[in-house]
Amino acid sequence: MPDKQIIKFCGANLAIPQVRLFYSQFCLQHQDEAHAVQLLKDGKKLVTDDPSMLAELSRQLKDVYQQLGEQQLYRQELWQLLTEYAPADEMLFSELKQSYPTTDWPAVREQLLTAIAKNSNVDLKPLYVQENLLNPLLKAVVAADGLWDLRIYEPLLKPRFSDLLLAKYDHEVRKMATTTGTRRKYQQLVGILKRMLAYPAGKSTVQAIVHDWQQQYPRRSAMMDELSRLNW
């Protein structure tokens with residue numbers, strides 16, 4: 001299709017986001033960077049109700065800024081992606097990090113993580129791992145319900161925070177035991193106790209739990225039977 005026909009078609013169909021994305025790339029290929037940028041900026045205003053398309057337009061816009069050497073605008077677009085359109089995206093996070101000198105990054109990172117955390121639905125733990133921020137990672141793992149996150153991040157945290165992780169196990173396993181269940185559930189509880197035994201203070205903690213359960217739940221025969229199988 002000749003360029004004039006492409007321009008005419010795109011101009012008549014700019015309400016279609018995919019056409020706008022294509023046209024912005026067409027403009028870039030023809031060294032019309034200013035028009036490409038304006039197409040993407042205007043496009044973002046038109047798709048505020050479509051998160052995935054908004055993110056796509058923003059990604060393309062930040063790439064254009066990078067190609068043009070507009071570092072401040074490039075960083076701003078990345079920041080908006082990370083805090084609004086693609087919250088806590090690990091690859092975008094790394095990309096923004098690479099745009100800063102090593103000495104400047106810690107301060108920027110703190111501000112960025114604070115901004116991302118305003119969205120309560122965002123999981124920051126992968127970013128904490130990426131940056132080796134073990135203290136906030138520990139805090140997030142302890143605050144999370146259940147043991148899922150603890151199991152995921154246990155290998156990373158256990159060498160430095162074994163007592164705190166053991167306390168988390170203690171709290172969660174006691175909470176799990178407050179409701180009755182099948183033998184399968186009690187087997188799962190014993191499985192958790194066995195895992196706790198691998199901790200430095202695990203044996204004494206598990207002994208205290210077993211003692212308390214024997215006092216609190218003596219009529220749960222299946223539970224008592226499974227506890228008797230626990231190898232110390």
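Quick caveat, the model's predicted, so the values are computed rather than measured.
Between L39 and R20, the shortest heavy-atom distance links the atoms O-NH1, 2.9 Å. Taking every heavy atom of both residues into account, L230 and L193 meet most closely at CD2-CD1, 4.2 Å. When all heavy atoms of Y186 and G181 are compared, the pair lying nearest together is OH-N, 3.1 Å. Shown here for W213 and V173, the closest heavy-atom pair between the two residues is CZ2-O, 3.5 Å. Across all non-hydrogen atoms, the minimal contact from A177 to M223 is CB-CE, 4.0 Å.
The structure places CD1 of I192 at 5.5 Å from CZ of R151, a figure rounded to the nearest 0.5 Å. Here the CD atom belonging to E56 is positioned 11.5 Å from the CG atom belonging to L61, to the nearest 0.5 angstrom. Note that the CD atom of Q187 and the CG atom of L227 stand 11.5 Å from one another [nearest 0.5 Å].
A donor-acceptor contact under 3.5 angstrom links the side chains of S52 and D50, judged on distance only. Looking at Q130 and S94, their side chains do bring a donor and an acceptor atom within 3.5 Å of each other. W105 and E131 share a side-chain donor-acceptor pair at under 3.5 Å. Side-chain contact of T83 with K118: a donor-acceptor pair under 3.5 Å is absent, judged by distance alone. Using modelled atom types, one finds a donor on one side chain and an acceptor on the other under 3.5 Å when comparing Q38 with D42. Side-chain N/O atoms of S58 and Q80 include no donor and acceptor closer than 3.5 Å. Side-chain atoms of Y74 and E95 form a donor-acceptor pair, as typed in the model, at a separation below 3.5 Å.
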*asked:* Checking R174 against D170 for the salt bridge (charged side-chain N to carboxylate O under 4.0 Å, His left out) test, could you report, in this order, the C-alpha distance in whole Å, the side-chain angles of both residues, the deciding distance, and whether it holds?
replied: CA-CA 6 Å; R174 288 178 184 273; D170 189 343; 2.6 Å; yes

*Check step by step if ring-ring contact (aromatic ring centres under 6.0 Å, His included) holds for F93 and W79.*
CA-CA 9 Å; F93 189 86; W79 187 283; 9.9 Å; no

*List the steps and the verdict of salt bridge (charged side-chain N to carboxylate O under 4.0 Å, His left out) for K175 and E172.*
CA-CA 5 Å; K175 185 169 65 173; E172 294 294 342; 3.4 Å; yes

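None of Q72, R59, K44 except one satisfies the side chain to side chain donor-acceptor pair (under 3.5 Å) rule with E77; the exception is K44.
Taking the ring axis of Y153 as reference, the NZ or CZ atom of K125 does not stay both within 45° of it and closer than 6.0 Å to the ring centre. Cation-pi contact between R220 and Y217: present, with separation from the ring centre below 6.0 Å and deviation from the ring axis of at most 45°.
The shortest side-chain heavy-atom distance between I6 and F22 falls under the 4.5 Å cut-off.
Looking at T114, its side chain does come within 3.5 Å of a backbone N or O of E110 through a donor-acceptor pair.
By the 6.0 Å contact criterion, NZ on K158 is enclosed, its count of non-hydrogen atoms from other residues, nucleotides or ligands being greater than 12.
Under the 4.5 Å side-chain heavy-atom criterion for grouping Ile, Leu, Val, Met, Phe, Trp and Tyr, V64 is not connected to M91 through any hydrophobic cluster.
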